[in-house]
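Comments concern the structure below.
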Amino acid sequence: MHQPHALNVDSIRSTLATKVLGHRIDLFDELSSTNVEATSLGHSGAEHGTVVIAERQTAGRGRLARVWFSPGGVNIYCSLVLRSHLPANRLAEWLSWLPLIAALAAAEAIECVTSVPVSLKWPNDLLLSGRKVGGVLCENNQASPSGPFQVIGIGINVNMKVEDFPAELRASATSLWNETRILVDRNRLVAQLLFEMEQCIEELARHGPPQLALAYQRRCSTIGQLVRAGLADGSELTGYAESISRDGSLRITTRSGTHPGTVIEIRAADIVHLRS
Ligand code: BTN
């Protein structure tokens with residue numbers, strides 16, 4: 001028996017405890033991508049806290065121009081429209097921490113609803129038993145005629161069976177069902193996700209990153225690991241991940257390259273944990 005309940009806005013609202021996030025929730029059976037729909041709504045002036053959810057995506061987008069596998073009726077594909085009213089001198093901090101705190105919020109929501117321990121692979125992969133159970137894609141729209149806004153897209157593999165992943169993902173991806181054999185109420189998980197997101201976003205806006213950075217570091221299984229980092233220019237380096245910098249970058253002591261032992265900070269990369 002493997003028949004998860006459908007997503008339903010009334011069911012989400014029945015446990016939703018947010019002040020602002022989710023005041024508008026648009027739920028679709030199918031979209032190309034919830035991030036695309038949320039971006040379009042943002043350009044049309046959708047308010048801060050608007051939420052877009054789909055049962056399936058036909059062109060789900062991942063980081064680094066990858067595809068996000070998005071079968072119907074089993075997982076969570078959710079995007080939020082955010083409009084901050086922070087002064088210009090805090091914009092860089094906001095933009096660099098949003099992806100990290102979104103992953104933190106998603107991990108806390110999953111743990112609250114299922115009691116399974118989720119760790120974070122820098123910058124914003126959610127891991128369960130070392131395999132990827134979710135991810136975050138943040139997109140900034142600074143020059144929109146409707147005013148600047150950000151879209152945070154979150155994908156969580158909830159009730160899907162690992163056999164249903166494409167062959168190339170089966171070794172590296174997992175789902176909550178696969179780890180627990182418990183069918184998770186996705187409506188409840190969406191409500192908790194929005195709640196945790198709101199807490200983290202409010203904390204970032206009010207007090208900046210210090211407390212969130214501590215919570216993030218505690219969950220981040222990348223710290224202390226030997227990692228391989230694939231950089232945007234196609235180059236790679238290996239080294240020990242030491243810590244997260246004030247701007248959310250990953251600080252690595254290199255082991256490869258022309259100057260091994262150098263400490264470098266990377267803002268974006270594809271990280272592989274080489275050893276735990
Ligand atoms: C990653 O590569 O880890 C990020 C995956 C983000 C997937 C989510 S699913 C909801 C939203 N819509 C998309 O097209 N992508 C994000």
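Computed from a predicted model, the values in this text were never measured in an experiment. Order of appearance sets the numbers: ligands from 1, and atoms from 1 within every ligand. Throughout, numbering of the chain's residues begins at 1 and tracks the sequence.
Residue contact check: Gly60 has heavy atoms under 4.0 Å from atoms 14 (O) of ligand 1. Close approach of ligand 1 to Cys78 is summarised as follows: ligand atoms under 4.0 Å from at least one heavy atom of the residue are 10 (C). The atoms of ligand 1 that sit less than 4.0 Å from any heavy atom of Asp125 are 3 (O). The Thr34 neighbourhood of ligand 1 comprises atoms 10 (C), 11 (C), 12 (N), with distances under 4.0 Å to a heavy atom of that residue. Each of the following atoms of ligand 1 lies closer than 4.0 Å to a heavy atom of Lys132: 1 (C), 2 (O), 3 (O).
Looking at Ile154 against ligand 1, only its backbone comes within 4.0 Å, counting heavy atoms. If you look at Leu64 next to ligand 1, there are no close heavy atoms at all, none under 4.0 Å. If you look at Ser79 next to ligand 1, the close heavy atoms, those under 4.0 Å, all belong to the side chain.
At a 4.0 Å cut-off, at least one heavy atom of Gln57 sits close enough to ligand 1 to count as contact.
Proximity of a side-chain donor or acceptor of Arg24 to a complementary backbone N or O of Thr50 within less than 3.5 Å is not detected.
When hydrogens are left out, the protein atom nearest atom 8 (C) of ligand 1 is Gly155 N, 3.6 Å; that is the closest non-hydrogen contact. Nearest to atom 6 (C) of ligand 1 among the protein's heavy atoms is Arg61 O, 3.6 Å. Nearest protein neighbour of atom 2 (O) of ligand 1, counting heavy atoms only, is Arg63 N, 2.7 Å.
Each of Arg63, Arg66, Arg228 was checked for a salt bridge (Lys or Arg N to Asp or Glu O under 4.0 Å) with Asp270, and the lone residue meeting it is Arg66.
Not one N or O of Tyr77 is nearer than 3.5 Å to an N or O of ligand 1, by distance alone. Inclusion of Trp68 in the set of residues having an N or O under 3.5 Å from an N or O of ligand 1 is not warranted.
One distance of note links CG of Asn159 with CG of Asn75; it measures 7.5 Å at 0.5 Å rounding. Taking OG1 of Thr253 as the start and CD of Glu242 as the end, the distance is 3.0 Å to the nearest 0.5 Å.
By the 6.0 Å contact criterion, CD on Glu47 is open, its count of non-hydrogen atoms from other residues, nucleotides or ligands being 12 or less.
A salt bridge links Arg186 to Glu55: at least one charged side-chain nitrogen sits closer than 4.0 Å to a carboxylate oxygen.
When side chains are defined from C-beta on, Leu98 does not count as touching Asn140, because their heavy atoms never get closer than 4.5 Å.
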### Query
Should Lys19 and Glu198 be marked as a side-chain contact (heavy atoms from CB on, under 4.5 Å) after you check the CA-CA gap, both sets of side-chain angles, and the distance that decides it?
CA-CA 8 Å; Lys19 288 180 274 184; Glu198 186 165 279; 3.5 Å; yes
### Task
Take Ser249 and Arg267 through the test side-chain contact (heavy atoms from CB on, under 4.5 Å) and record every step on the way to the result.
CA-CA 5 Å; Ser249 302; Arg267 291 188 65 87; 3.5 Å; yes
